[in-house]
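This report refers to the structure that appears directly beneath it.
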Amino acid sequence: MIDKINDLIGRVREFHPTAAKEIEEFRIRMLGKKGELNAIFEEFKRVAPEFKRELGQRINELKNLTNERINELRTQFEEKENAASDSTLDMTRPGTADELGSRHPISIVRNEIVSIFSRMGYTVADGPEIEDDWHVFSALNFPPEHPARDMQDTFFIEKNPDILLRTHTSSIQVRTMERQKPPIRVICPGRVFRNEAISARAHCIFHQVEGLYIDENVSFADLKQSILYFAKEMFGESSTIRLRPSYFPFTEPSAEVDVSCNLCGGKGCNVCKHTGWLEIMGCGMVDPAVLEASGIDSRKYSGFAFGMGIERIAMLKFGVRDLRLYFENDVRFLHQFDSAIG
């Protein structure tokens with residue numbers, strides 16, 4: 001048996017393949033289940049005890065030598081292949097430019113809105129999407145019988161009337177007023193949810209940016225000037241605004257804000273329904289009851305609030321006609337915004 005082991009050791013040392021596949025064939029022949037080494041181990045079981053130590057050492061030497069020889073030969077062939085491929089590689093060829101992605105139009109518009117109001121001294125505030133009734137409704141002066149509390153408008157969590165998905169980012173304003181003393185100047189961007197049928201003009205998920213400014217002697221004139229500045233920055237210096245009386249439970253007086261149509265220059269087109277105006281947001285002076293509910297002295301402080309849908313602003317800015325496009329992740333749609341800044 002010792003002669004057989006010595007013969008195999010010699011064959012391993014003298015093995016010189018001419019192709020990589022010969023290495024694998026040699027490995028199977030030596031180390032496979034039906035290979036030479038397994039046959040040696042089977043024969044070793046029948047060896048007399050006094051010879052097992054010497055033969056066991058030689059068998060381990062054979063096994064280690066075989067593995068080392070196979071690894072050495074594989075490394076040699078890999079180095080040869082790499083050297084051959086490097087010799088055919090033209091290092092002077094220009095590289096392939098990686099294709100860059102683009103921001104989603106909602107992100108582009110959100111960032112632009114935040115940037116505009118940041119220049120007016122506003123900071124960004126954030127809050128949870130799963131809220132309670134107090135922060136979404138009660139603290140904002142919504143009476144118990146208000147339609148917005150109905151299941152047709154609001155997503156409640158596990159039929160719990162106190163836990164719900166926020167229907168507006170005004171809940172962030174309430175949380176800000178609770179933990180921060182005036183002066184307060186924040187904008188609150190975020191995702192909101194309403195139980196509405198999905199169509200080209202409506203969706204159950206959308207994004208808002210709401211703003212809040214509270215300080216001493218804040219007036220409606222301050223509100224109008226802030227919104228006019230925003231409109232000119234977002235839609236162009238020639239943009240104008242108009243305010244129409246409206247109603248919101250948390251502001252008094254309240255108004256809807258229209259901006260002159262940037263597509264027709266106010267002359268009238270299909271987008272603005274030939275009125276020359278496009279609605280962009282709601283606003284108003286914060287109701288004293290809302291200030292008091294958050295622990296702010298309404299006799300000393302006043303403020304205004306406003307809110308707009310980001311999808312709506314993006315529709316006006318980019319001429320998008322269907323809200324559903326924002327949520328379909330169609331790369332053909334998204335590639336149209338490759339050059340947009342945001």
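Throughout, numbering of the chain's residues begins at 1 and tracks the sequence.
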Heavy-atom closest pair, residues [X] and [Y]:
{"X": "E233", "Y": "R119", "value": "OE1-NH2, 2.7 Å"}
{"X": "A293", "Y": "A139", "value": "CB-O, 4.0 Å"}
{"X": "L323", "Y": "S199", "value": "CB-O, 4.2 Å"}
{"X": "C283", "Y": "L243", "value": "SG-CD2, 4.3 Å"}
{"X": "P249", "Y": "N141", "value": "O-ND2, 3.1 Å"}
{"X": "D133", "Y": "S138", "value": "OD1-OG, 2.6 Å"}

Do [X] and [Y] come within less than 4.5 Å of each other through their side chains, counting heavy atoms only?
{"X": "L37", "Y": "M30", "answer": "no"}
{"X": "D297", "Y": "E292", "answer": "yes"}
{"X": "I280", "Y": "D258", "answer": "no"}
{"X": "E72", "Y": "E68", "answer": "no"}
{"X": "I172", "Y": "P128", "answer": "no"}
{"X": "T154", "Y": "N195", "answer": "no"}
{"X": "Y247", "Y": "S254", "answer": "no"}
{"X": "R242", "Y": "V257", "answer": "no"}

Under 3.5 Å donor-acceptor, [X] side chain and [Y] backbone:
{"X": "R185", "Y": "M120", "value": "yes"}
{"X": "D132", "Y": "H135", "value": "yes"}
{"X": "S118", "Y": "V114", "value": "yes"}
{"X": "S260", "Y": "T240", "value": "yes"}
{"X": "N111", "Y": "I108", "value": "no"}
{"X": "T275", "Y": "W277", "value": "yes"}
{"X": "E210", "Y": "C188", "value": "no"}
{"X": "S294", "Y": "L291", "value": "no"}
{"X": "R166", "Y": "G127", "value": "yes"}
{"X": "T75", "Y": "N71", "value": "yes"}

I would like to know whether I313 and F235 meet side-chain contact (heavy atoms from CB on, under 4.5 Å); could you show each step before the answer? CA-CA 9 Å; I313 302 297; F235 300 107; 4.1 Å; yes
Does the pair S226 and L228 meet the rule for a side-chain contact (heavy atoms from CB on, under 4.5 Å), with working shown? CA-CA 5 Å; S226 298; L228 178 60; over 6 Å; no
Hey, could you give me the [atom1]/[atom2] distance between [X] and [Y], rounded to the nearest 0.5 Å?
{"X": "I113", "Y": "K317", "atom1": "CD1", "atom2": "NZ", "value": "9.5 Å"}
{"X": "I227", "Y": "D222", "atom1": "CD1", "atom2": "CG", "value": "11.0 Å"}
{"X": "K224", "Y": "S219", "atom1": "NZ", "atom2": "OG", "value": "11.5 Å"}
{"X": "R179", "Y": "I184", "atom1": "CZ", "atom2": "CD1", "value": "9.5 Å"}
{"X": "F193", "Y": "T167", "atom1": "CZ", "atom2": "OG1", "value": "11.0 Å"}
{"X": "F26", "Y": "R69", "atom1": "CZ", "atom2": "CZ", "value": "8.5 Å"}

Classify the ring geometry between F250 and F248 as parallel (under 30°), tilted (30 to 60°) or perpendicular (over 60°).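 F250 and F248: parallel rings.
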If the plane angle is over 60° it's perpendicular, under 30° parallel, otherwise tilted; pick one for Y326 and H104.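 Tilted: the ring planes of Y326 and H104 meet at 30° to 60°.
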So if you build clusters from Ile, Leu, Val, Met, Phe, Trp, Tyr with side-chain heavy-atom gaps below 4.5 Å, do [X] and [Y] land together?
{"X": "V209", "Y": "M315", "result": "yes"}
{"X": "I28", "Y": "L31", "result": "no"}
{"X": "F333", "Y": "F318", "result": "yes"}
{"X": "V192", "Y": "I187", "result": "no"}
{"X": "I23", "Y": "L62", "result": "yes"}

What verdict does the salt bridge (Lys or Arg N to Asp or Glu O under 4.0 Å) test give for R175 and E178, after you've listed the backbone C-alpha separation in whole Å, the side-chain angles of each residue and the deciding distance to 0.1 Å? CA-CA 5 Å; R175 290 184 176 275; E178 288 176 340; 5.3 Å; no
Salt bridge present between [X] and [Y] (N-O < 4.0 angstrom):
{"X": "E24", "Y": "K21", "value": "no"}
{"X": "E14", "Y": "R11", "value": "no"}
{"X": "R194", "Y": "D153", "value": "no"}
{"X": "E129", "Y": "R191", "value": "yes"}

Before giving the answer on side-chain contact (heavy atoms from CB on, under 4.5 Å), spell out for S171 and F137 the whole-Å C-alpha distance, their side-chain angles and the decisive distance to 0.1 Å. CA-CA 8 Å; S171 58; F137 295 131; over 6 Å; no
Give a yes or no on this: more than 12 heavy atoms of other residues, nucleotides or ligands lie within 6.0 Å of atom [atom1] of [X].
{"X": "I130", "atom1": "CD1", "value": "no"}
{"X": "N217", "atom1": "CG", "value": "no"}
{"X": "K63", "atom1": "NZ", "value": "no"}
{"X": "R324", "atom1": "CZ", "value": "yes"}

Given F117 and E112, is the side-chain contact (heavy atoms from CB on, under 4.5 Å) satisfied, shown in steps? CA-CA 9 Å; F117 283 101; E112 188 169 356; over 6 Å; no
May I ask you to check whether T251 and D287 show a side-chain donor-acceptor distance below 3.5 Å?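 Their side chains do not contain a donor-acceptor pair, so the 3.5 Å distance test is not met.
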Quiz question: by atom type and distance under 3.5 Å, do the side chains of H207 and E311 form a donor-acceptor pair?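 The criterion, which ignores hydrogens and geometry beyond distance, is satisfied for E311 and H207.
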Take H168 and Q208, measure what side chain to side chain donor-acceptor pair (under 3.5 Å) needs, and give me the verdict at the end. CA-CA 7 Å; H168 46 202; Q208 284 186 334; 5.6 Å; no
Can F304 and Y213 be said to form a ring pair (Phe, Tyr, Trp, His ring centres under 6.0 Å), step by step? CA-CA 5 Å; F304 61 76; Y213 177 38; 5.5 Å; yes
